[in-house]
Protein chains: 2
Amino acid sequence: MTSSPPPRADRCSCAGLRKATRHLTQHYDQHLAPTGLNIGQYSLLANLARRSPIAPGAFAALMAMDRTTMGRNLQPLEREGLVAVAVDPADRRSRLVSLTAAGQARLDVARPLWAAAQTAFEDRFGAAQAATLRGLLATLIATDLATAH
Amino acid sequence: MTSSPPPRADRCSCAGLRKATRHLTQHYDQHLAPTGLNIGQYSLLANLARRSPIAPGAFAALMAMDRTTMGRNLQPLEREGLVAVAVDPADRRSRLVSLTAAGQARLDVARPLWAAAQTAFEDRFGAAQAATLRGLLATLIATDLATAH
DNA sequence: TTGAATTGCGTGTATATACGCCTATTTTGC
DNA sequence: GCAAAATAGGCGTATATACACGCAATTCAA
């Protein structure tokens with residue numbers, strides 16, 4: 001007897017998502033390269049601009065990112081003086097991450113380059129499809145996938 | 001005068017994609033953990049199963065992955081004996097990556113755990129939405145985003 | 001045929017991601 | 001009040017990702 005036909009690898013939602021992320025990240029990173037930021041760093045600064053100051057743990061949850069990943073990702077930004085991390089006086093276990101003036105300035109420089117990347121993407125992929133995709137992704141992010149039942 | 005309202009960071013297709021990828025990757029990785037593989041490694045083995053042997057460069061292009069990333073990702077799999085890399089006798093610049101018997105065996109063990117992760121995802125996200133998402137992602141991956149005009 | 005251009009890969013470096021383990025601080029139960 | 005539990009975060013380790021650079025083998029052109 002032969003084994004049943006193996007599930008096609010291209011039906012894996014996760015692999016498709018990861019593959020598409022690699023593809024699109026390279027596009028945005030190329031546009032942002034002159035600013036010295038990648039799309040991950042740009043995204044952190046842009047989100048921080050609307051929520052500064054915020055605790056690293058809360059920021060990580062907001063970005064659907066592991067707590068320790070957030071800590072590592074903040075390090076190069078802190079080293080360059082784009083964000084500042086200080087002990088929270090109200091709870092000295094916690095920290096407060098703030099966008100600095102240099103961080104805001106860098107963000108202002110990067111924003112039009114990000115917009116160019118976004119526009120170029122939508123021109124090629126289709127603005128309507130892009131909007132549909134963003135909607136699906138937002139739903140996915142809001143979907144509880146905890147293994148426990 | 002005040003500056004114009006900044007574009008919302010949550011309208012960035014790339015950031016949304018990256019965020020969703022983190023979310024979904026953790027789900028699949030948790031299901032696959034007993035196999036000692038993560039979803040990236042599983043995806044490599046599953047794709048290799050249908051195309052072995054293949055040159056690293058061609059494999060990288062197939063996975064929309066940088067050539068050097070592919071090389072690095074193959075290292076732990078090679079160390080565990082799940083894939084084998086040999087010089088291509090027809091062109092000694094090139095290599096041929098093959099799935100080993102141990103790699104096939106590991107894949108057979110992992111497949112039902114991957115299927116459980118996929119099923120759990122579709123149960124919670126919706127199978128129809130998941131299919132729509134995979135279609136959009138496939139289109140995105142096939143979209144040429146080269147910066148040059 | 002032989003030097004130049006091309007091609008295929010590996011390495012060094014840097015950031016991204018997350019698990020396990022640890023310390024410090026706060027909160028809770030008694 | 002004080003000890004236990006819970007919470008916030010750092011660090012070691014491992015893999016993921018990709019750019020710049022360099023080497024070896026092949027192909028191309030004069």
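Quick note on labels: first sequence line is chain A, next is B, and so on, each numbered from 1. Here the structure is a predicted model, which means the values were calculated and not measured.
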Contacts of type side chain to side chain donor-acceptor pair (under 3.5 Å), residue A:T119, not counting sequence neighbours: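 Applying side chain to side chain donor-acceptor pair (under 3.5 Å) to A:T119 gives none.
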For A:I39, run the side-chain contact (heavy atoms from CB on, under 4.5 Å) check against A:L44, A:L24, A:D29 and tell me which one passes.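 The option that passes is A:D29.
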If you assign each of B:A64 and A:G57 to its closest nucleotide in DNA chain D, which residue comes earlier from the 5' end?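 Its nucleotide being nearer the 5' end, the pick is A:G57.
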Taking the side chain as everything from C-beta on, heavy atoms only, tell me whether [X] gets closer than 4.5 Å to [Y].
| X | Y | answer |
| --- | --- | --- |
| A:D108 | A:Q104 | yes |
| A:C12 | B:Y28 | yes |
| B:R106 | B:E80 | yes |

Just to be sure I understand the rule, does [X] reach a base, reach only the sugar-phosphate, or reach nothing, if contact means heavy atoms closer than 4.0 Å?
| X | answer |
| --- | --- |
| B:R22 | sugar-phosphate |
| A:D29 | nothing |
| A:S94 | sugar-phosphate |
| A:G40 | nothing |

At 10 degrees resolution, what angle do the end axes of the helix from C:dT1-D:dA30 to C:dC30-D:dG1 form when each is taken over five base pairs?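 Axis-to-axis angle, ends of the helix: 10°.
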List, one per line, each side-chain donor-acceptor pair under 3.5 Å for residues 53-63 of chain A, sequence neighbours excluded.
none

N/O donor-acceptor pair under 3.5 Å between A:R124 side chain and B:L145 backbone: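 No.
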Has the side chain of B:S52 got a donor or acceptor atom that lies under 3.5 Å from a matching backbone atom of B:L99?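 Such a contact is found between B:S52 side chain and B:L99 backbone.
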Separation of atom [atom1] in [X] from atom [atom2] in [N], rounded to whole Å:
| X | N | atom1 | atom2 | value |
| --- | --- | --- | --- | --- |
| B:D88 | D:dA24 | CG | C1' | 15 Å |
| A:Q41 | D:dT17 | CD | C1' | 13 Å |
| B:I39 | D:dA16 | CD1 | C1' | 14 Å |
| A:L24 | C:dA16 | CG | C1' | 16 Å |
| A:L17 | D:dT17 | CG | C1' | 16 Å |
| A:Q30 | D:dA18 | CD | P | 11 Å |
| A:R18 | D:dA16 | CZ | P | 8 Å |
| A:D66 | D:dA16 | CG | C1' | 15 Å |

Stepwise side-chain contact (heavy atoms from CB on, under 4.5 Å) test for A:V97 and A:L74: CA-CA 9 Å; A:V97 187; A:L74 288 174; 3.8 Å; yes
Whether A:Q26 contacts D:dT17 is assessed here as follows: a side-chain N or O lying under 4.0 Å from the phosphate OP1 or OP2. Is that the case?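 No.
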Test log, rule side-chain contact (heavy atoms from CB on, under 4.5 Å), inputs B:N73 and B:M65: CA-CA 10 Å; B:N73 289 357; B:M65 187 180 286; 3.6 Å; yes
Tell me whether the side-chain N or O atoms of A:T68 pair up with the base of C:dC19 as donor and acceptor below 3.5 Å, since no angle test is needed here.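 Per atom types, the contact qualifies.
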Is a donor-acceptor contact shorter than 3.5 angstrom present between the side chain of B:R67 and the base of C:dG10?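 By the distance-only test, yes, there is a pair.
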Using the side-chain contact (heavy atoms from CB on, under 4.5 Å) rule, take B:T25 and B:R22 through it: C-alpha gap first, then chi angles, then the decisive distance, then the call. CA-CA 5 Å; B:T25 294; B:R22 287 191 293 268; 6.0 Å; no
Any chance you could lay out the side-chain contact (heavy atoms from CB on, under 4.5 Å) test for B:L107 and B:V109, step after step, and finish with the verdict? CA-CA 5 Å; B:L107 192 54; B:V109 168; over 6 Å; no
Close N or O pairs between protein and nucleotides 27-29 of chain C (under 3.5 Å):
none

Taking the six-membered ring for Trp, are B:H23 and B:H27 ring centroids under 6.0 Å apart?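 No - the distance between ring centres of B:H23 and B:H27 does not fall below the 6.0 Å cut-off.
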Quick one: sort the A:Y42 and A:W114 rings into parallel, tilted or perpendicular, breaks at 30° and 60°.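 Taking A:W114 first and then A:Y42, their aromatic rings lie parallel (interplane angle under 30°).
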Residues in contact with DNA chain C, drawn from residues 95-106 of chain A - heavy-atom cutoff 4.0 Å: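 Nucleic-acid contacts, sorted: none.
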Please list, in numerical order, the residues of residues 70-85 of chain A that have a heavy atom closer than 4.0 Å to any atom of DNA chain C.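 The stretch gives A:R72, A:N73, A:P76, A:R79 as the residues lying under 4.0 Å from the strand, ordered by number.
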Salt-bridge test for B:E122 and B:R134: reply yes if a basic N is under 4.0 Å from a carboxylate O, no otherwise.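 Here B:E122 pairs with B:R134 in a salt bridge, since their nearest N and O are under 4.0 Å apart.
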